[in-house]
Every structure is written in C-alpha cells, then in structure tokens.
Amino acid sequence: MNINKVSVMGLGAVACAVVPNLMKVLPSESIRIIAGGSRKERLEKNGIIVNDVHYDCFVTAPEETVEPADLLIVAVKYTGLEKAIEDMKNHIGENTIILSLMNGIDSREMIGKRYGFEKCIYGICALSTENLGNGRFKVSPLKEGILIGEAENKKPYTPRIQAVEKLFTDAGIDFGIPENMLHDVWWKFLLNVGGNCTNTVLRGTQSYFKYLEPANQARKMIMEEVLAVGLAEGAPISQADVDQLMGQYVNYPEGNMCSMLQDLLHKRKTENDLFCGYVVKLGKKHGIPTPANQYLYYLIDALDEVNAGSPVTRVDEKMLLV
C-alpha cells in the first residue's frame, strides 16, 4: 500500500504542521487542499506562509469530482466538522485512509459513522501551533509532535499504518506510533480541556501555568473531572496522567497562546462544545457531577456570545476611576 495522493480538509495551523513537509516528497497537484468560495480563491492566489516560508497550494472545490485520496487528513475546527464531513465526500474511495488530527475525542466517531470506521485511524497533533492571520502560521518543533496509529499498535503495524509511517518518514515529519494510542488520545484531551479552557478564561499565555499556582490548581480541578468521566467511558487513563500533566506546560514556549484563546481573540467561535461541553455531556451520561467543567463552559459560552454581538457594555480603561 503506497500513498501517492493526499487530500487535506482544513488547512489551518494544525495541518500546517505536516503539509509543508509533504510538499517536499509529493508533486503539488498530489496534495489537494479542499476549499470553496473565497477561501479557495485566497489560497490559490496567496498560498500559505509557515515559519516565514511561502508555499503554493493546489486547491479543489468540494463539488469537484476527483480521484479518491490515498490519505485524507482532517484538521478543521470542531465547529466546522459537520460541513467538512459532507465537503470531503468526493475524495473518499474504497481504500482511502482517513486521519483526523483534530482536538477532542469524537471527531473520529463522527467521521466513522459517515464513511466507515475501517477507514479511520487515530491521530494527535501535540505541537504548539499559532494562526497569525492572513495565511501566516507558526509551528514550534516538538519531538514526536504528531502521533498516529490504530487503537493499539504492535509491530508489524497494520498495512495502512505502515503506509502513513513511510510517507511521514520520507517527508521528515517528526512523528510517533504509540503502543496504546487510545491512552494518548485521552491524555491529549486531559491536557486540552484543563489547559485550553482555563487559559482562555484567563486570557493568558502558556507562561501562566509556569508562574501562577492558582491557575494550575484550577486546571487540576478540571482534569480530575475529565479523568472521572474518562474512566466511566473505559478510557485507559489514570491519576498518574493528571499528576504528570501538572508539569507539562513548563516545556512550552512561554509566549504561545492555546488555539482556543486564539479563536476567542480573533472572534471565531471556540471549540467549547468539544472540550468542557463534551465532559459535561459524558458526566450526564454516566451520572457523574462535573461542576467545574459546567462552570467553565458557561463562562466561555458567554465570551462566545459577546464575540457574536451580544449588546453588552464592555469595560475599558475610560470607565476606570482615576
């Protein structure tokens, strides 16, 4: 099994962690970015800039008939996943491998319900990435910042994992294949819910978790609830994962912002339903209280409503007493 044609659904900061490398080993027309309307025109005209390097893009509209992809990479925001699942249908054939690099737990489930779980492999992007606006992206290197695999992986890997492994190795992508991929998926979910949601309400950089112990204690409360619902779901995580994650942000660039805060500051709808909202949903399913996640969900939902145009009176410096 060889991968000669790659399609990409969602060319944002996450996809930019792999697409520039793939362009080194595949012809430009073999890496098809799925986009329509003004976004298609913009990508065709301007391309993308990743770490100050410009890349041209070969773009196909969702309605175009194309040869099925050998590998389809899905990296859209959760808020756009339902539309993306429809838009990528022309790129999926009998042997297409679908790799979701999205945050959260349920993107693979949603895609699998539509196109078949036998097509879907697991993926994680643990890199620190930033959308700088106007087609510019920053990707900070991290050892094995991309993880791929089946739920469990032992050598020899399945043919489809071997195919992606060869492509990523040839492209120079720093990736890993964990033995227990499900553990790492839930580990990343613990990290995202605790870190992204807390930092978004604080409007802080990653440095907040390095210097502010109250921020870490808030993050720990959030993760404890994620652990509880995860165990009820049968997730292979433990208290040891929560404890280990408490020191995780020390390794991150201090000035970086999480993707959720980037969305909020750019007035884009956040992935609140994907993080705290999903924890609350699982809590209700299993009868497990999740008050910290529910509280944080309400706060972020309120911030989303403000960005959407709610007629609130905002506080600014002119309102402060001298």
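Below, each value reflects all heavy atoms present in this structure, side chains not excepted, and no hydrogens, waters or symmetry copies.
The shortest side-chain heavy-atom distance between K154 and E179 falls under the 4.5 Å cut-off. Using a 4.5 Å heavy-atom cutoff, the side chains of C16 and T129 are not in contact. At least one side-chain heavy atom of E224 sits under 4.5 Å from a side-chain heavy atom of K220. Side-chain contact between M9 and I33: absent, with no pair of heavy atoms (C-beta onward) separated by less than 4.5 Å. The shortest distance between side-chain heavy atoms of Q162 and P156 falls below 4.5 Å. Within the 4.5 Å cutoff, side-chain heavy atoms of L101 are placed close to those of I146. Between L227 and W186 there is no side-chain heavy-atom pair separated by less than 4.5 Å.
Enclosure of atom CE in M246 by more than 12 non-hydrogen atoms of other residues, nucleotides or ligands within 6.0 angstrom is indicated. The environment of OH in Y295 is sparse: at most 12 heavy-atom neighbours from other residues, nucleotides or ligands sit within 6.0 Å. More than 12 heavy atoms of other residues, nucleotides or ligands shown are found within 6.0 angstrom of NZ on K40. Residue E64 qualifies as enclosed at atom CD: its count of foreign heavy atoms under 6.0 Å is above 12. Annotation for K188: atom NZ counts as buried by contact number, over 12 foreign heavy atoms lying within 6.0 Å. Atom OH of Y298 has 12 or fewer neighbouring heavy atoms from other residues, nucleotides or ligands inside a 6.0 Å radius. Crowding of E233 atom CD: a count of heavy atoms from other residues, nucleotides or ligands under 6.0 Å exceeding 12. More than 12 heavy atoms of other shown residues, nucleotides or ligands fall within 6.0 angstrom of atom CD in E213.
In this structure, I177 CD1 and Y122 OH are separated by 15.5 Å, a value rounded to the nearest 0.5 Å. M1 CE to R160 CZ: the interatomic distance, rounded to the nearest 0.5 Å, is 8.5 Å. Of the inter-residue distances, the one linking N95 atom CG with L71 atom CG reads 13.0 Å to the nearest 0.5 angstrom. Between atom CG of residue L274 and atom CG of residue D106 there is a gap of 6.5 Å, rounded to the nearest 0.5 Å. Distance CG/N90 to CD/E67: 13.0 Å, rounded to 0.5 Å. Note that CG of L296 and CZ of R219 are 13.0 Å apart. Values are rounded to the nearest 0.5 Å.
F275 and F189 have tilted rings, their planes meeting at an angle from 30° to 60° on a 0 to 90° scale.
The main-chain N or O of A171 is found under 3.5 Å from a side-chain atom of N21 such that the two form a donor-acceptor pair. Without hydrogens or angle criteria, N131 side chain to A13 main chain gives no donor-acceptor distance under 3.5 Å. Judged by distance alone, the side chain of T198 and the main-chain N or O of G195 form no donor-acceptor pair under 3.5 Å. Listed for the N307 side chain is a donor-acceptor partner under 3.5 Å among the backbone atoms of L264. The backbone N or O of E94 lies less than 3.5 Å from a partner atom in the side chain of K119, making a donor-acceptor pair. N51 contributes a side-chain N or O that, together with a main-chain N or O of V139, makes up a donor-acceptor pair within less than 3.5 Å. Side chain of E225 to backbone of N293: a donor-acceptor contact under 3.5 angstrom is found. Not one N or O on the side chain of E29 forms a donor-acceptor pair closer than 3.5 Å with the backbone of F58. Formation of a donor-acceptor pair under 3.5 Å by the D174 side chain with backbone atoms of E144 is found in this model. Checking side-chain atoms of S310 against main-chain N and O of E305 turns up no donor-acceptor pair under 3.5 Å.
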- Task: Check the pair T96, D70 against side-chain contact (heavy atoms from CB on, under 4.5 Å), reporting the backbone distance first and the verdict last.
- Result: CA-CA 5 Å; T96 300; D70 300 314; over 6 Å; no

- Chi angles and distances behind the salt bridge (Lys or Arg N to Asp or Glu O under 4.0 Å) call for K24, D170: CA-CA 9 Å; K24 298 175 184 177; D170 291 346; over 6 Å; no

- Applying side-chain contact (heavy atoms from CB on, under 4.5 Å), run through N103 and Y78 and close with a yes or a no. CA-CA 8 Å; N103 286 325; Y78 186 73; over 6 Å; no

- side chain to side chain donor-acceptor pair (under 3.5 Å) between T270 and D304: does it pass, once the steps are laid out? CA-CA 7 Å; T270 69; D304 276 332; 2.7 Å; yes

- Message: Using side-chain contact (heavy atoms from CB on, under 4.5 Å), reason through V280 and V229 one step at a time and then give a plain yes or no.
- Response: CA-CA 9 Å; V280 172; V229 300; over 6 Å; no

- Message: Could you go through K269 and D263, starting from their C-alpha distance and side-chain angles, then the distance that decides it, and tell me whether this counts as salt bridge (Lys or Arg N to Asp or Glu O under 4.0 Å)?
- Response: CA-CA 7 Å; K269 183 77 167 65; D263 287 339; over 6 Å; no

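Remark: K138 does not engage D52 in a salt bridge, criterion side-chain N to carboxylate O under 4.0 Å. A salt bridge does not link K45 with E41: every distance from a Lys NZ or Arg NE/NH1/NH2 to an Asp or Glu carboxylate oxygen is 4.0 Å or more.
In the model, E150 has no side-chain atom that pairs as donor or acceptor with a side-chain atom of Y157 under 3.5 Å. Counting only N and O atoms by type, the side chains of S7 and R32 include a donor and acceptor under 3.5 Å apart. For the residue pair D241 / H183, a side-chain donor-acceptor distance below 3.5 Å is found, with atom types taken as modelled.
Residues S107 and S100 come closest through the heavy atom pair OG-OG, 2.9 Å. The two atoms that bring S140 and L127 nearest to each other are O-CD2, 3.3 Å, heavy atoms only. Minimum heavy-atom separation, P178 to L147: CG-CD1, 4.0 Å.
Under the side chain to side chain contact (heavy atoms under 4.5 Å, CB included) test applied with I34, the options V8, L72, L11, V59 reduce to a single match, L72.
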